[in-house]
Amino acid sequence: MIHSLFLINSSGDIFLEKHWKSIVSRSVCDYFFEAQERATEAENVPPVISTPHHYLLSVYRHKIFFVAVIQTEVPPLFAIEFLHRVVDTFQDYFGVCSEMVIKDNVVVVYEVLEEMLDNGFPLATESNILKELIKPPTILRTVVNTITGSTVTAEIQGVIDACVKLTGMPDLTLSFMNPRLLDDVSFHPCVRFKRWESERILSFIPPDGNFRLLSYHVSAQNLVAIPVYVKHVINFRDSSSTARFEITVGPKQTMGKIVEAVTVTSQMPKGVLNMTLSPSQGTYTFDPVTKLLSWDVGKINPQKLPSLKGTMSLQTGASKPDENPTINLHFKIQQLAISGLKVNRLDMYGEKYKPFKGIKYMTKAGKFQVRT
């Protein structure tokens with residue numbers, strides 16, 4: 001039912017988003033912002049807004065708009081009642097529902113939202129049941145969440161590479177489902193920039209062969225959906241000759257696509273002499289000279305997450321390392337653009353023959369680092 005939830009403050013800033021069924025670009029909120037501009041007061045924004053591909057249902061409470069994104073027709077009161085239940089739950093958990101409190105308790109907020117919906121449908125919406133599953137925040141929990149918390153920085157470097165083998169002088173137009181995603185863009189010289197500025201359509205006469213049509217950059221952290229996660233337990237103790245090491249890798253927000261070609265590397269501290277580990281899948285190596293751990297994972301099966309567990313042998317009497325090692329991941333996901341960019345259509349003019357058209361999406365990890 002509900003695909004995504006966006007929380008928008010009175011200044012029009014999206015300060016939190018949650019996706020259940022698939023990643024919906026925040027550009028869909030542009031329709032909400034247009035309705036907000038037309039309304040004289042915040043309370044006058046229509047609770048139901050129809051867009052070409054979605055319905056936006058919203059409630060305004062505590063100076064925050066709670067906007068649900070739905071792709072199919074559902075009874076509006078059903079979704080609006082759920083949004084009110086979300087607000088009531090936050091108020092019950094935190095004592096007050098405000099932008100600052102939600103940001104300060106973002107880990108608990110995501111955990112609560114995850115339990116309230118299952119694949120987009122309401123699951124646990126009663127506070128007493130939720131509190132059995134997820135304990136309300138305490139001082140200790142707040143400290144733990146701060147230490148083990150969320151994304152520090154994230155960005156996407158995206159490109160559209162083209163391979164054109166057409167006879168004559170074809171004139172092409174390429175349109176996107178969500179062109180508002182493309183802000184920081186660099187175009188190939190063949191692109192007519194004025195038409196892009198006015199219509200957000202790429203119009204160009206392509207050169208022959210392979211070329212880069214455009215490149216783009218998404219730097220806002222909350223726009224970047226992280227497609228994998230790493231759970232880790234790395235315990236060093238003073239004056240101990242062994243330490244525990246355990247990591248698990250899993251997919252997140254991949255819309256059912258397989259995460260493949262996964263490799264994990266980590267530079268161990270100098271005091272680590274050797275590692276005795278057991279991988280649930282793939283193979284690992286540890287170089288006792290360079291102290292580099294490498295784990296070739298392969299594909300991630302969501303039903304059986306890959307893990308690497310065991311112990312580290314340490315120098316006798318060595319003090320605890322100043323900091324734990326970082327974990328580096330490399331992976332790729334076929335047929336998924338993690339930016340959310342989607343092609344709408346590609347048309348050809350100026351020639352009478354019918355060309356073959358195809359498109360392929362791919363996500364590759366650049367520098368993906370997890371601090372432990």
Side-chain angles (χ1 to χ4, degrees), residues 17 19 22-27 150-164 174 176-179 181-188 202 209-232 247-267 279 281-285 292-302 305-308 325-344 346 357-372:
E17 60 186 90
H19 307 280
S22 60
I23 300 171
V24 177
S25 167
R26 59 170 49 192
S27 61
S150 53
T151 306
V152 176
T153 180
E155 64 178 11
I156 293 172
Q157 299 283 354
V159 299
I160 297 179
D161 287 331
C163 177
V164 177
L174 179 65
F176 301 96
M177 300 284 287
N178 39 13
L181 279 175
L182 297 172
D183 287 329
D184 186 3
V185 189
S186 175
F187 297 102
H188 187 276
L202 290 179
N210 298 305
F211 66 98
R212 179 150 294 173
L213 183 61
L214 66 82
S215 58
Y216 63 95
H217 178 223
V218 179
S219 59
Q221 177 180 315
N222 48 9
L223 273 176
V224 179
I226 307 300
V228 298
Y229 67 88
V230 178
K231 291 182 178 179
H232 52 82
I247 56 175
T248 302
V249 184
K252 182 174 68 172
Q253 300 189 114
T254 62
M255 288 185 279
K257 307 299 182 183
I258 300 296
V259 184
E260 57 188 13
V262 180
T263 59
V264 178
T265 59
S266 186
Q267 186 69 49
Q281 74 176 63
T283 57
Y284 85 94
T285 59
L292 182 66
L293 169 67
S294 298
W295 178 26
D296 186 358
V297 181
K299 293 182 180 179
I300 295 180
N301 179 0
L305 298 180
S307 62
L308 185 64
T326 55
I327 298 171
N328 301 286
L329 266 76
H330 294 276
F331 58 84
K332 65 180 180 181
I333 307 172
Q334 302 278 4
Q335 295 304 323
L336 174 69
I338 207 67
S339 64
L341 186 67
K342 289 184 179 179
V343 170
N344 181 32
L346 173 64
K357 297 180 285 187
I359 184 167
K360 180 180 180 181
Y361 298 95
M362 180 179 289
T363 292
K364 288 184 178 180
K367 185 178 181 182
F368 191 100
Q369 191 175 79
V370 180
R371 300 177 183 177
T372 64

List the steps, then state whether side chain to side chain contact (heavy atoms under 4.5 Å, CB included) holds for F176 with I160. CA-CA 12 Å; F176 301 96; I160 297 179; 3.6 Å; yes
Would Y361 and Q334 count as a side chain to side chain contact (heavy atoms under 4.5 Å, CB included) here? Give the steps. CA-CA 6 Å; Y361 298 95; Q334 302 278 4; over 6 Å; no
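Side-chain contact between Y216 and L341: present, with at least one pair of heavy atoms (C-beta onward) separated by less than 4.5 Å. Residues L305 and V249 fail the side-chain proximity criterion, which asks for heavy atoms closer than 4.5 Å. Contact of the Q335 side chain with the K360 side chain is registered, since non-hydrogen atoms from C-beta on lie closer than 4.5 Å. V230 places none of its side-chain heavy atoms less than 4.5 Å from the side chain of V228.
Shown here are the side-chain contact (heavy atoms from CB on, under 4.5 Å) partners of S27, two or more places apart in sequence or in another chain: S25, D30, N178, R180. Remark: R371 pairs with no residue by the salt bridge (charged side-chain N to carboxylate O under 4.0 Å, His left out) rule, at least two apart or across chains. Annotation: side-chain contact (heavy atoms from CB on, under 4.5 Å) contacts of Q369 (sequence neighbours excluded): T326, N328, K367. Take P279 and apply the side-chain contact (heavy atoms from CB on, under 4.5 Å) test, not counting sequence neighbours, and it matches Y284, W295, L308. For F187, the ring-ring contact (aromatic ring centres under 6.0 Å, His included) partners two or more places apart in sequence, or in a different chain, are F193, W196. Shown here are the side-chain contact (heavy atoms from CB on, under 4.5 Å) partners of T263, two or more places apart in sequence or in another chain: D296, H330.
The shortest heavy-atom contact between P251 and I300 is CD-CG2, 3.6 Å. Between L292 and Q267 the shortest heavy-atom distance is CD1-OE1, 3.8 Å. Nearest heavy-atom pair, Q281 versus K299, reported as atom, atom and distance to 0.1 Å: NE2-O, 2.7 Å.
Atom NE2 of residue H232 and atom OG1 of residue T248 lie 10.5 Å apart, to the nearest 0.5 angstrom. The structure places CD1 of I327 at 5.5 Å from OG of S266, a figure rounded to the nearest 0.5 Å. Distance check: L329 CG to T265 OG1 gives 8.0 Å after rounding to the nearest 0.5 Å. Here CG of L213 is found 9.0 Å from CG of D161. Values are rounded to the nearest 0.5 Å. With rounding to the nearest 0.5 angstrom, the CG atom of L174 is 8.0 Å from the CG atom of L214. Interatomic distance, CD1 of I333 versus NZ of K257, reported as 10.5 Å (0.5 Å rounding).
A donor-acceptor pair under 3.5 Å is formed between the side chain of T363 and the backbone N or O of I338. For E260 (side chain) and F331 (main-chain N/O), no donor-acceptor pair under 3.5 Å exists by modelled atom type.
Counting non-hydrogen atoms of neighbouring residues, nucleotides and ligands closer than 6.0 angstrom, the NZ atom of K357 exceeds 12 such neighbours.
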